[in-house]
Each structure stands twice: as C-alpha cells, then as structure tokens.
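Have a look at the structure below before the remarks.
Each chain gets a letter, A, B and so on, in the order its sequence line appears, and its residues count up from 1.
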There are 2 protein chains.
Amino acid sequence: MILKSQVEWALHCCAILAGLPAGRYLSTKALAEFHGLPKEYLSKALQSLSQAGLVDTSLGPSGGYRLRVPASELTFLDIVEAVEGKGKSFVCNNIRANNPCRPQGFCESHPCAIARIMWEADEAWRVRLRAVRIADLIAMLGEEIPPDVWKKTADWVLKRAG
Amino acid sequence: MILKSQVEWALHCCAILAGLPAGRYLSTKALAEFHGLPKEYLSKALQSLSQAGLVDTSLGPSGGYRLRVPASELTFLDIVEAVEGKGKSFVCNNIRANNPCRPQGFCESHPCAIARIMWEADEAWRVRLRAVRIADLIAMLGEEIPPDVWKKTADWVLKRAG
DNA sequence: GGGCACATACTCGGATAGTTCCTGTCCGAGTCTTCTTGG
DNA sequence: CCAAGAAGACTCGGACAGGAACTATCCGAGTATGTGCCC
C-alpha cells in the first residue's frame with residue numbers, strides 16, 4: 001500500500017498555486033520546471049485536480065491552472081482523493097461467505113467485522129487529512145522558510161504567471 | 001492506494017487460527033478450502049506471517065500453522081505490516097529541493113512540511129490498527145455469529161487440525 | 001491614432017507505449033505418520 | 001505383543017510465468033496573444 005507520486009506532486013503544486021494573485025494562471029510547464037518534474041506526466045496530476053473541480057484552467061498563452069476552491073477551504077483529503085480516487089483502501093471480498101458451515105445467504109446483511117475495523121482505520125486517516133487545509137500548509141511554510149527565499153520564490157512564480 | 005487482498009486473507013486466517021486448541025496446527029489446504037481461496041497463493045500470505053514471527057509452522061502430515069503470538073497481544077497492525085511491509089504509505093522525494101530559488105543544500109535538515117502532514121495521517125491509521133487485537137475480533141464475532149454456526153465452524157476446524 | 005482581421009504560438013486534454021509490482025502457479029527439500037517386519 | 005525400520009504421503013518454502021496498474025510520452029483541438037493592415 002503506497003500512494004502514487006502524483007499525490008506528492010499535486011500537493012506541492014496546490015501550495016504554489018495558493019500563492020498566486022487572484023485571476024492569474026500558472027502553466028504546467030512552469031510548475032514542472034519549478035519542481036524538476038517531467039512536464040507531460042505532471043499534467044496528468046493536474047488533470048485529475050481539474051476533473052475534481054479543485055482548479056480552474058485557461059488555454060492559450062498565459063494560460064494554465066489556478067485554484068478554484070479557496071486555500072482556506074481546500075483540504076489535503078480533497079487533493080489526495082482527486083488523484084487516488086475516493087475508494088477505501090481496504091476492499092472486502094466477503095470471503096467469510098465461503099465458510100462451508102454457514103447456512104446459505106447468511107451474513108449478507110451487515111459487513112464483515114474485519115472490514116469494519118479496517119474501514120474505521122481508513123476513516124481515521126481521512127479525518128486527519130480532512131483537518132488540514134492548504135492555508136494551514138502555507139502558514140507552516142511561512143514559519144519555516146526564510147523571508148528572502150520566500151520572496152524570491154514568489155517573484156519567480158509571479159514572473160511566470162500569465 | 002489499495003491494500004492487497006493478501007491482507008484480508010491473512011486477517012481471516014489469523015481469526016481461524018486463534019480458535020485452535022493449544023499445540024494444534026492447521027494446514028494451508030484447510031484454510032484455503034474454508035475461505036474458498038487458491039491454496040498455492042494463500043501460502044504466500046502465510047509465509048509472510050511466518051517470516052514476521054507471528055505464527056509457528058510444522059511440517060509433515062498434520063502440520064501447518066498456529067499462532068505464535070497470543071491472540072490477546074496480536075494486533076491488526078502486526079498482521080497488516082507483515083504482509084504490506086512496515087514502510088510508510090507516503091514517500092517524500094523532496095522535490096522542494098528543486099526550487100530554483102533555494103540556496104544549495106537548503107531544507108535538508110528536517111523533512112518537508114507536506115510529508116510531515118501525510119505521515120501524521122499515516123500514523124493515525126496505524127494507531128487505530130494497533131488498538132485492535134485479534135482477541136477483540138473474536139469477541140465481536142462471538143456476538144454476531146449464532147452459537148450453532150459458531151459451534152459447527154469450530155468442529156470443522158478441529159476435525160481438520162493436526 | 002484606433003479598430004479589426006489574421007497568423008502565430010502556447011495551452012490543456014485525451015490517446016498511446018514501457019516498466020514495475022501484484023496475482024497466480026509450479027516444483028523440490030524436509031518431516032511426521034503409518035505400515036511392515038522381525039524379535 | 002512390542003519395537004524398530006523403512007516406505008509413503010503430506011507439509012512448507014522458494015523459484016517461475018501472466019496480468020493489471022502506475023509511470024512516462026506523444027500528438028491534436030482549441031484559445032488568447034501579438035502583429036499587421038485598413039480606416
């Protein structure tokens with residue numbers, strides 16, 4: 001069980017997009033260069049965000065992506081689910097139904113006890129990710145990153161933003 | 001991000017093994033027949049449990065597997081990690097280091113903020129799985145399963161146990 | 001000088017190969033059981 | 001009747017193919033920009 005690298009890329013890209021002035025867009029090319037990633041493949045992650053309705057897109061020169069959901073409302077879970085899907089990490093195939101001792105059609109009403117436990121853990125994971133918003137991440141980064149580096153980065157992005 | 005079906009199989013098998021009298025073994029063949037699973041592939045999951053030190057093995061006729069760790073101490077996390085590995089679900093490739101505005105060798109001391117958040121959610125998932133023991137599962141099943149079915153199942157297992 | 005039409009270049013989006021990991025299968029080394037044989 | 005020995009059958013463990021999913025790449029449809037021309 002391992003999350004695909006697209007999740008990491010999507011989170012970093014959203015952090016960058018959050019620092020964009022209102023109404024401006026940033027292209028896949030700029031985001032790829034900034035993070036040192038393959039442009040063509042990174043676009044897949046951004047497409048996932050677009051299909052999930054988390055970002056807006058614009059075509060043509062000076063086009064690209066921008067956040068559609070405000071950073072103060074956009075949660076980590078939104079981004080993770082946009083890339084990984086909303087499915088649970090544990091799928092129950094109900095193999096208990098093969099128990100040769102069970103009467104036919106038994107144990108079909110409520111789910112398997114093992115699945116319930118696994119799903120509770122899965123939900124705990126989601127609750128934790130739902131509690132963190134991109135705005136919180138920006139605040140954390142603001143405390144960690146020296147002001148000059150922060151400023152230079154903002155300028156770099158602004159120069160590339162259309 | 002989806003757990004492999006081996007996790008489900010391993011959990012169900014441990015539940016069955018927990019009902020085994022002390023000193024008795026249950027073979028892969030019996031476990032596979034009980035759950036309606038391919039014997040050869042199920043053995044891989046049991047091998048993982050064996051390599052993790054969770055079960056004991058015995059060869060020859062009337063051989064098989066039995067729990068090595070008491071059901072009251074064996075947690076869901078032990079079993080999940082035995083099959084899936086102990087690695088975190090989120091791997092950080094530190095792509096922030098490619099930021100063209102950062103000075104060389106910067107941000108190498110403590111991990112990326114995004115990774116820290118993802119790892120906290122991962123830890124919440126593990127905490128939840130660590131809190132549930134196989135003995136708890138047996139107690140839950142005891143409340144759900146009718147006594148006659150429970151008895152028949154126990155007899156079936158006992159008849160197959162070596 | 002201002003407005004309009006056009007060519008241009010850049011964007012996203014989906015369709016297309018390559019590689020890794022999970023799934024499924026097979027066979028061999030080792031051991032416990034059981035049967036046979038001898039005392 | 002009991003004990004010892006050997007044959008047999010069953011077990012786990014690791015080595016070997018097949019398929020799905022992730023990774024990586026390419027090209028086309030569409031649009032905003034910038035330029036040149038006309039008024």
If we ignore hydrogens and angles and just use 3.5 Å, is the side chain of [X] paired with the main-chain N or O of [Y] as donor and acceptor?
{"X": "B:Glu84", "Y": "B:Lys4", "result": "yes"}
{"X": "A:Asp122", "Y": "A:Lys88", "result": "no"}
{"X": "B:Glu8", "Y": "A:Cys92", "result": "no"}
{"X": "A:Arg66", "Y": "A:Ala22", "result": "no"}

- Query: Applying the side chain to side chain contact (heavy atoms under 4.5 Å, CB included) test to A:Ile79, which of A:Val69, A:Leu129, A:Leu54 qualifies?
  - Reply: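 The option that passes is A:Leu54.
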- Which part of the nucleic acid does B:Tyr65 contact within heavy-atom distance under 4.0 Å: base, sugar-phosphate only, or nothing?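 Here B:Tyr65 touches the backbone only, sparing every base.
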Considering only nitrogen or oxygen atoms on both sides, find all protein atoms under 3.5 Å from nucleotides 26-28 of chain C and state each distance.
from, atom 1, to, atom 2, distance (Å)
C:dC26, N4, B:Glu40, OE1, 3.3

Inspect the contact between [Y] and [X] and indicate whether a charged nitrogen and a carboxylate oxygen are less than 4.0 angstrom apart.
{"X": "A:Arg160", "Y": "A:Glu33", "answer": "yes"}
{"X": "A:Lys151", "Y": "A:Asp155", "answer": "yes"}
{"X": "B:Glu81", "Y": "B:Arg130", "answer": "no"}
{"X": "A:Glu120", "Y": "B:Arg128", "answer": "yes"}

Quickly work out the [X] [atom1] to [N] [atom2] distance and round it to whole Å.
{"X": "B:Gln47", "N": "C:dG24", "atom1": "CD", "atom2": "P", "value": "16 Å"}
{"X": "A:Leu46", "N": "C:dG13", "atom1": "CG", "atom2": "P", "value": "9 Å"}
{"X": "B:Lys39", "N": "D:dT11", "atom1": "NZ", "atom2": "C1'", "value": "9 Å"}
{"X": "A:Lys29", "N": "C:dC10", "atom1": "NZ", "atom2": "C1'", "value": "9 Å"}
{"X": "A:Leu37", "N": "D:dT25", "atom1": "CG", "atom2": "P", "value": "11 Å"}
{"X": "A:Arg66", "N": "C:dT11", "atom1": "CZ", "atom2": "C1'", "value": "15 Å"}

- Task: Kindly state which residues belonging to residues 49-57 of chain A come within less than 4.0 angstrom of DNA chain C, counting heavy atoms of the residue only, listed by number.
- Result: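 A:Ser50, A:Gln51, A:Thr57, in order of number.
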- Query: When the nearest nucleotide of DNA chain D is assigned to A:Leu42 and to B:Ser27 on a heavy-atom basis, which residue is associated with the more 5' position?
  - Reply: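 Result: B:Ser27.
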Pairwise N/O distances under 3.5 Å, protein to nucleotides 29-35 of chain C:
none

Please enumerate all protein N or O atoms sitting under 3.5 Å from an N or O of nucleotides 15-24 of chain D, with distances to 0.1 Å.
from, atom 1, to, atom 2, distance (Å)
D:dT23, OP1, A:Ser5, N, 3.3
D:dT23, OP1, A:Ser5, OG, 3.3
D:dT23, OP2, A:Tyr41, OH, 3.2
D:dT23, O5', A:Tyr41, OH, 3.3

- Item | side-chain contact (heavy atoms from CB on, under 4.5 Å) evaluation trace for A:Met1 with B:Val80 | CA-CA 10 Å; A:Met1 187 206 56; B:Val80 171; over 6 Å; no
- side-chain contact (heavy atoms from CB on, under 4.5 Å) with B:Glu40: which residues, sequence neighbours excluded?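 Residues passing side-chain contact (heavy atoms from CB on, under 4.5 Å) with B:Glu40: none at all.
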- Query: What residues, two or more places apart in sequence or in another chain, satisfy side-chain contact (heavy atoms from CB on, under 4.5 Å) together with A:Ser50?
  - Reply: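 Residues passing side-chain contact (heavy atoms from CB on, under 4.5 Å) with A:Ser50: A:Val55, A:Thr57, A:Tyr65.
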- Does the ring center of A:Phe34 lie less than 6.0 Å from the ring center of A:Trp156?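 Here the rings of A:Trp156 and A:Phe34 have centres that are less than 6.0 Å from each other.
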